[in-house]
Asks: 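Got a structure for you, written out below as structure tokens; questions coming shortly.
Fair warning: this is a prediction, and the values are worked out from it, not measured in the lab. Note that ligands are numbered from 1 as they come in the structure, with each ligand's atoms numbered from 1 the same way. FYI, the numbering just counts along the sequence from 1. Any value given below was found using the heavy atoms of this structure, including those in side chains, with hydrogens, waters and symmetry copies removed.
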Amino acid sequence: MEIKKYTFSPHGDDRGQLIAIEAGQDIPFNVNRVYYIYDTLEGVRRGFHAHLDLQQILLCVKGSCKIHLDNGFETAEVLLDKPNEGLYIANDMWREMYDFSEDAVLLVLASNHYDEADYIRDYDTFINMVRGKKER
Ligand code: T46
């Protein structure tokens, strides 16, 4: 599976670091929503869904976490532990987030507003959908 990561260049100086992410320039979509996940309890695994029409960039801006990806044919585990590195996830990708460090802040830039109808939360439905598309 191809893992698409973006590395953003920090504007560092003697005061510290600053990262700017320009929609449509540094990432391939316009950002309509930002959310972040923090204070995640030990052992928690979240996600367990795919999206029908959503592009996202996941950045662990503090601490670390891992992302399990599954496209219905292959799986991959991605470690996010750098504030200047973003993982791109688009449609038809089952995702689970786990192994959050105590201080982890997972920032997500999303192409669309929140829409519960865009979620596929049943794994068998997801598998049937992606494998059905491949066969067509
Ligand atoms: C994703 C992964 C990486 C909202 O009201 N607005 C929002 O924009 C979001 C993202 C969530 N919510 C509500 C819906 C639930 O009541 O917040 C609650 C927790 O959401 P959820 O259980 O979907 O969170 P995760 O961590 O399982 O998944 C989230 C995103 O929902 C999802 O799109 O790709 O992070």
Side-chain angles (χ1 to χ4, degrees):
M1 180 193 306
E2 191 197 344
I3 306 295
K4 200 161 182 186
K5 273 188 177 176
Y6 287 85
T7 302
F8 306 106
S9 300
H11 299 274
D13 57 28
D14 55 9
R15 298 169 296 174
Q17 305 295 332
L18 183 155
I19 290 185
I21 302 175
E22 301 259 357
Q25 293 177 22
D26 301 308
I27 57 171
F29 58 86
N30 285 324
V31 177
N32 276 305
R33 179 166 52 110
V34 173
Y35 61 91
Y36 44 98
I37 294 168
Y38 63 101
D39 276 357
T40 309
L41 299 182
E42 202 182 337
V44 162
R45 208 171 167 103
R46 326 181 43 126
F48 298 96
H49 59 259
H51 282 280
L52 294 168
D53 180 22
L54 185 67
Q55 300 179 73
Q56 300 194 111
I57 299 274
L58 282 64
L59 298 120
C60 209
V61 291
K62 189 166 173 60
S64 64
C65 69
K66 289 180 186 155
I67 316 293
H68 167 82
L69 297 175
D70 179 345
N71 64 10
F73 300 91
E74 293 175 278
T75 63
E77 313 299 319
V78 181
L79 172 68
L80 292 179
D81 62 352
K82 297 180 189 70
N84 69 324
E85 191 176 77
L87 172 66
Y88 175 79
I89 308 182
N91 305 340
D92 298 350
M93 185 72 78
W94 189 264
R95 80 284 317 261
E96 296 169 19
M97 302 87 82
Y98 64 104
D99 265 7
F100 287 85
S101 62
E102 209 183 323
D103 60 346
V105 180
L106 179 63
L107 174 72
V108 183
L109 312 178
S111 60
N112 298 335
H113 288 182
Y114 177 71
D115 177 8
E116 184 56 37
D118 191 65
Y119 285 71
I120 308 161
R121 294 194 182 271
D122 178 70
Y123 187 70
D124 291 339
T125 305
F126 165 71
I127 289 293
N128 290 336
M129 188 189 78
V130 289
R131 294 193 181 164
K133 280 185 184 174
K134 191 85 178 176
E135 278 157 19
R136 256 177 257 142

Asks: Which ILVMFWY residues are connected to Y36, directly or by a chain of links, through side-chain heavy atoms under 4.5 Å apart?
Replies: Y6, F8, I19, I21, I27, F29, V31, V34, Y38, I57, L59, V61, Y88, V105, L107, L109
Asks: Identify whether the distance between the nearest side-chain nitrogen and carboxylate oxygen of E77 and K66 falls below 4.0 Å.
Replies: no
Asks: When clusters are formed by joining ILVMFWY residues with side-chain heavy atoms under 4.5 Å apart, either directly or through shared neighbours, do V108 and I89 land in the same one?
Replies: yes
Asks: Please produce the table of protein N or O atoms sitting under 3.5 Å from N or O atoms belonging to ligand 1, one pair a line, distance to 0.1 Å.
Replies:
from	atom 1	to	atom 2	distance (Å)
ligand 1	8 (O)	R33	NH1	2.5
ligand 1	23 (O)	R121	NH2	3.3
ligand 1	24 (O)	R46	NH2	3.4
ligand 1	26 (O)	R46	NE	2.7
ligand 1	26 (O)	R46	NH2	3.2
ligand 1	27 (O)	G47	N	2.9
ligand 1	31 (O)	Y119	OH	2.5
ligand 1	33 (O)	Y35	OH	3.4
ligand 1	33 (O)	H51	NE2	2.7
ligand 1	33 (O)	Y119	OH	3.1
ligand 1	34 (O)	H49	NE2	3.4
ligand 1	34 (O)	Q56	NE2	2.7
ligand 1	34 (O)	R95	NH1	2.8
ligand 1	35 (O)	Y35	OH	3.2

Asks: Would you please indicate if the ring centroids of Y119 and H51 are separated by under 6.0 Å?
Replies: yes
Asks: Please determine which of I67, V78, I37 meets the side-chain contact (heavy atoms from CB on, under 4.5 Å) test together with L58.
Replies: I67
Asks: Ignoring hydrogens and geometry, is there a side-chain-to-backbone donor-acceptor pair from S101 to S64 under 3.5 Å?
Replies: yes
